[in-house]
Amino acid sequence: MKLPETQLALLEAASATEPRRVAQLAEELGEDTAAVTRAAFELEAAGLLAVEERVTEDVTLTEEGDRYREAGLPELRLRAAAVEAGAGEDPAEMGRLIGAAGLEGPEVDIALSNLARKGYGEIEGGAVAVGENPRYDPDADPEAAALDAVAAGDVDSIDDGVLDRLEARGLVERTETTVRSLTLTDDGVTALMEGVEVTETVGAVTSELLTSGAFENVEFTEYNVEADAETVHGGKEHILRQTANRVKDVLVGMGFQEMEGPHADADFWINDCLFMPQDHPARTHWDRFALDVPPMAELPGDLIERVEDAHRNGVGEGDGYHSPWDEEFARAVALRGHTTSLSMRYLSGHAVGDLEPPQRYFSVEKVYRNDTLDPTHLLEFFQIEGWVMAEDLSVRDLMGTFTEFYEQFGITDIEFKPHYNPYTEPSFELFGRHPETGELIEIGNSGLFREEVLSPLGVDCDVMAWGLALERLLMLMYGFEDIRDVHGTLCDLDLLRNVEVVY
Ligand code: PHE
């Protein structure tokens, strides 16, 4: 019989009577564990070795756990200091005890909460009294004993509940590992007795093999595609980016073209063109990320005039705001709070020249808002902006477009609620039902642009428009409840690694 070198070495190192662990054999053979595991599975497939798998749990002390094992658990130190200070009779002042117990920083809170939990003492009005009937004997505290047991490698003696508690306190860490043990089978013994030779098989193609031409004469090792292998997490496009790309594909499929434009823009494009009065609350520093940069110099002069006139005097029947309007204020630069700034740049003809109806445009881009972080709000998010310019549009067209769009993502129960925007009339908010919680969540805002917006832009047909939140679409598609599952330091890596964005 002929076997590759590693397999033969492994066969010779294995025993028929005593199971031997892969890790130990790998060390003995000076090979890496993955190579030995691979060889073991090959030999198992050939019936020469038996592989037994056991999942074991490794428990180790964290740095904090180790510190408490040496110095004592904070609650025990506090208890000892209290007993010393005679707190069995009269409650002792907390500050003194903390000093005497040598507790520092977060240890103080840890000591106090665990002291109460274990009934070692009562805390009242800044003083500690030693408890009457503690839940444990302080000299035989099960958590302290368990720390010693973990350090000694005697984990089996520890009660499960105690181990759970230590883990919750961050004092121990548990990791699962698969341990594989190998035993020679009868066929394996027979093969060894009959004699096994080494085949010169090659595991990988090297450039040397290729250039020398030697690859033509060597035998390559067969792959075992069923063998267990280490999981490798390669780089991957973020779910948000994948979904954004999918949204773009869907909109292009619906006949839309993509808009582009600056993240930091003049307030003129972000707000003034949208008939947002300059004293609107959304335009204060509370909501908007102002940038300390020079005002935007290039703005179309005639458009500025018409926008100012719409604000001051109104358009058609409308009466305008008659409120102050300041050109310098309009030129100030901020991070855009919505991508409707892009729609203004395109509708005005400033971006790609004058547009004749019908037209459809979109963007899937980042916007920035000075919100308070919570499960559904971030300081920045992706907005799916879009608009359709045509003669005689109605709310039915708007609803039909959304129904068609969301259907592409399997969402068929969109609801509409009348809304107010300074720049659209009528306006609608969109809602979708969360697949896990059943709650209606807001997913977008939309409407038909008012005459006060369109007339200064020089558009004399209808324009329906919207801004939808990409992150909310994701919530409806994948069912997660907290936006921070996919963004930032708290994000769920398993979700990001495993989730599939399907078409
Ligand atoms: N700009 C609005 C928002 O950010 C969305 C919107 C765009 C509404 C265009 C109507 C028309 O919520």
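Along the sequence shown, residues are numbered consecutively beginning with 1. Both ligands and their constituent atoms are indexed starting at 1 by order of listing.
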Atoms in ligand 1 flagged as close to His338, the criterion being non-hydrogen separation under 4.0 Å: 1 (N), 4 (O)
Quick one: are Val59 and Leu163 in side-chain contact, heavy atoms under 4.5 Å? yes
Give the numbers and elements of all ligand 1 atoms closer than 4.0 Å to a heavy atom of Ala465. 9 (C), 10 (C), 11 (C)
Does ligand 1 come near enough to Asn421 that some N or O of the ligand is less than 3.5 Å from an N or O of the residue? no
Is the ring pair Tyr321/Phe275 parallel, tilted or perpendicular, if the boundaries are 30 and 60 degrees? parallel
Can you tell me which portion of Glu429 lies within the under-4.0 Å heavy-atom range of ligand 1? Options are side chain, backbone, both, or neither. neither
Measuring from non-hydrogen atoms of Tyr423 to any atom of ligand 1, is the shortest distance under 4.0 Å? yes
Sole candidate of Trp387, Tyr361, Phe362, Trp269 that passes ring pair (Phe, Tyr, Trp, His ring centres under 6.0 Å) when paired with Tyr346: Tyr361
Numbered atoms of ligand 1 (with element) below 4.0 Å of Thr424, judged on heavy atoms: 10 (C), 11 (C)
Min heavy-atom dist Arg369 to ligand 1 below 4.0 Å: yes
List ligand 1 atoms under 4.0 Å from Ser446, heavy atoms only on the residue side. 8 (C), 10 (C)
Run the numbers for me: atoms of ligand 1, each under 4.0 Å from some heavy atom of Glu385, listed by number. 7 (C), 9 (C)
Tell me whether ligand 1 is touched by Met464 - counting only heavy atoms on the residue side and a distance under 4.0 Å. no
For the residue pair Gln383 / Thr339, report whether a side-chain donor-acceptor contact shorter than 3.5 Å exists. yes
Within 4.0 Å of some non-hydrogen atom of Gly467, the atoms of ligand 1 are 5 (C), 6 (C), 7 (C)
Check the orientation of Tyr368 and His263. Use parallel for under 30°, tilted for 30 to 60°, and perpendicular for over 60°. tilted
Out of the candidates Thr412, Leu468, Val250, Asp413, only one should pair with Tyr406 under the side-chain contact (heavy atoms from CB on, under 4.5 Å) rule; please name it. Leu468
